[in-house]
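Structure record follows, encoded as structure tokens.
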Amino acid sequence: MRPEDVAKAERLSDESYHDLDTRTPVGSWLEPAHRTAEHSRSWSRRTAHLLDTDPGGSWVAERDGAMLGFATSFTRELMWILASFAVRPGLQGEGIGRALMEPALHHGRGCLRGMLNASEDPKATRRYRAAGFTLHPQMFLRGTVDRSVLPVIEHVREGSAGDIDLMDSIDRRTRGAAHGSDHLVLIEGFRLLVTDRPAGSGYVYLRPDGSPVLLAATDRRTATTLSWEAFASSSPDQPVTLAHVTAANEWAVDVGMAARLDLHQRGYLAVRHMKPPAPYLPHGTLL
Ligand SMILES: CC(C)(COP(=O)(O)OP(=O)(O)OC[C@H]1O[C@@H](n2cnc3c(N)ncnc32)[C@H](O)[C@@H]1OP(=O)(O)O)[C@@H](O)C(=O)NCCC(=O)NCCS
């Protein structure tokens, strides 16, 4: 994949994921919607960043100049991550995905561990299992936060690029690899909250609606504190989502239920040669 392919890949992925959402029960519950212009911009920005750091990690399949599918992957320290993977609806199930996964996996050949956020598409899960990944079902919690139970939170502050060394060390401890320059992209797109105390450290990136998009902490108590601070920034009449929760992160089920969010299930965290990180809620594509 070259930088000039990013816009086409973005359109193709929106089409392919939207098509998948119309075919899965949880997708229809979430009311399938195409990406907003803002979401498309951030997808493209993130993918351009991955091409910058990992020019050999992303691949496209073409026929007569038309893009049929793509896979974007990257390595951070000794971890290989598949960020995004899609084949045009109507052309799926014919081996294009297999052909794309091969060079993407090859990009991670020097890595010890691997991680990706898998959809429920049976064609995707076949590919991941065939590549040796263990599939851990993911839960998510969604609802309007019960503001009467919000605790008083202390020692959480706004974060900045000055916190990257701290965040990288928490990343290594929880998921076994730092995010490095991915933090710069995340800081551009999301609000960052940090806590750093002798008893525990952690960080969370959140959306304007208060939904965490990536959370890492040295201990469950700190992870819980950060979630409450994120929930406190939600608005009283808008739902928040606590997503990508594996069973290894039961603290997240507990804090979500304490806030009176409802528990649901969607997709898998696929990992290779590692356990699901904890206390940790992975980002959808930068994990
Ligand atoms: C996931 C995806 C990229 C895979 O690409 P693809 O070209 O469909 O994949 P392939 O044809 O190479 O492989 C599909 C596998 O599923 C099997 N398959 C084909 N049709 C199937 C169906 N309807 N149900 C279940 N399995 C099916 C194929 O036999 C093949 O398995 P095999 O190699 O063991 O025989 C593509 O299906 C897609 O874009 N899905 C929607 C978006 C998505 O979920 N992306 C993944 C995000 S994590």
Side-chain angles (χ1 to χ4, degrees), residues 1 5-6 8-35 39-40 42-44 46-47 50 54 57-64 66-75 79-108 113-140 213-214 243-246 265-272 274 276-277 281-287:
M1 185 184 288
D5 296 318
V6 171
K8 265 193 220 167
E10 190 282 319
R11 286 295 80 211
L12 194 158
S13 80
D14 183 48
E15 190 193 335
S16 170
Y17 288 113
H18 181 265
D19 173 69
L20 175 67
D21 277 347
T22 59
R23 289 187 275 123
T24 51
V26 71
S28 59
W29 177 77
L30 291 171
E31 292 171 20
H34 283 286
R35 271 185 204 138
H39 187 179
S40 296
S42 64
W43 194 99
S44 298
R46 219 167 36 234
T47 304
L50 298 180
D54 294 66
S58 298
W59 297 82
V60 299
E62 284 182 344
R63 192 187 292 145
D64 302 327
M67 193 182 291
L68 312 180
F70 71 88
T72 56
S73 81
F74 60 104
T75 63
M79 169 102 75
W80 175 81
I81 293 174
L82 183 71
S84 196
F85 180 36
V87 167
R88 200 174 283 290
L91 299 175
Q92 296 170 3
E94 295 171 11
I96 297 171
R98 178 193 282 259
L100 285 163
M101 267 295 264
E102 220 169 89
L105 282 165
H106 187 71
H107 180 65
R113 292 175 282 273
M115 185 152 84
L116 62 93
N117 181 31
S119 73
E120 283 141 68
D121 190 330
K123 299 187 288 304
T125 44
R126 277 190 81 81
R127 289 272 63 81
Y128 303 147
R129 187 63 200 131
F133 283 84
T134 300
L135 299 161
H136 296 271
Q138 291 186 123
M139 299 168 269
F140 69 98
V213 289
L214 166 61
H244 305 300
V245 180
T246 52
Q265 240 184 296
R266 183 183 214 192
Y268 306 85
L269 178 70
V271 294
R272 194 158 77 161
M274 63 184 278
L281 302 178
H283 183 267
T285 54
L286 299 175
L287 282 95

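Each ligand, and each atom within it, is numbered from 1 in the order the structure gives.
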Atom pair CZ/CD1 of Arg88 and Ile96 - distance to nearest 0.5 Å: 10.0 Å
Would you say that Val87 contacts Leu68 through its side chain, given a criterion of any heavy-atom pair below 4.5 Å between the two side chains? no
How would you list, by chain and number, every residue that makes a side chain to side chain contact (heavy atoms under 4.5 Å, CB included) with Asp19, sequence neighbours excluded? Thr22, Arg23, Pro89
N or O contacts of ligand 1 with protein under 3.5 Å, please list pair by pair.
| unit_1 | atom_1 | unit_2 | atom_2 | d |
| --- | --- | --- | --- | --- |
| ligand 1 | 7 (O) | Gly97 | N | 2.8 |
| ligand 1 | 8 (O) | Gly93 | N | 2.7 |
| ligand 1 | 11 (O) | Gly93 | N | 3.4 |
| ligand 1 | 11 (O) | Glu94 | N | 3.1 |
| ligand 1 | 11 (O) | Gly95 | N | 2.8 |
| ligand 1 | 12 (O) | Gly97 | N | 3.4 |
| ligand 1 | 12 (O) | Arg98 | N | 2.8 |
| ligand 1 | 13 (O) | Arg127 | NH1 | 2.8 |
| ligand 1 | 31 (O) | Arg126 | NE | 3.0 |
| ligand 1 | 33 (O) | Arg98 | NH2 | 2.8 |
| ligand 1 | 33 (O) | Arg127 | NH1 | 2.9 |
| ligand 1 | 33 (O) | Arg127 | NH2 | 3.3 |
| ligand 1 | 34 (O) | Arg126 | NE | 3.0 |
| ligand 1 | 34 (O) | Arg126 | NH2 | 3.0 |
| ligand 1 | 39 (O) | Ser16 | OG | 3.1 |
| ligand 1 | 39 (O) | Val87 | N | 2.8 |
| ligand 1 | 39 (O) | Val87 | O | 3.3 |
| ligand 1 | 39 (O) | Gln92 | NE2 | 3.2 |
| ligand 1 | 40 (N) | Asp121 | OD2 | 2.9 |
| ligand 1 | 44 (O) | Ser119 | OG | 2.6 |
| ligand 1 | 45 (N) | Phe85 | O | 2.8 |

Rounded to the nearest 0.5 Å, the OG atom of Ser13 sits from the CE atom of Met67 at a distance of 10.0 Å
Within 6.0 Å of CZ in Phe74, more than 12 heavy atoms from elsewhere: yes
Between Ser44 and Glu10, is there a side-chain donor-acceptor contact under 3.5 Å, judged purely by atom types and distance? no
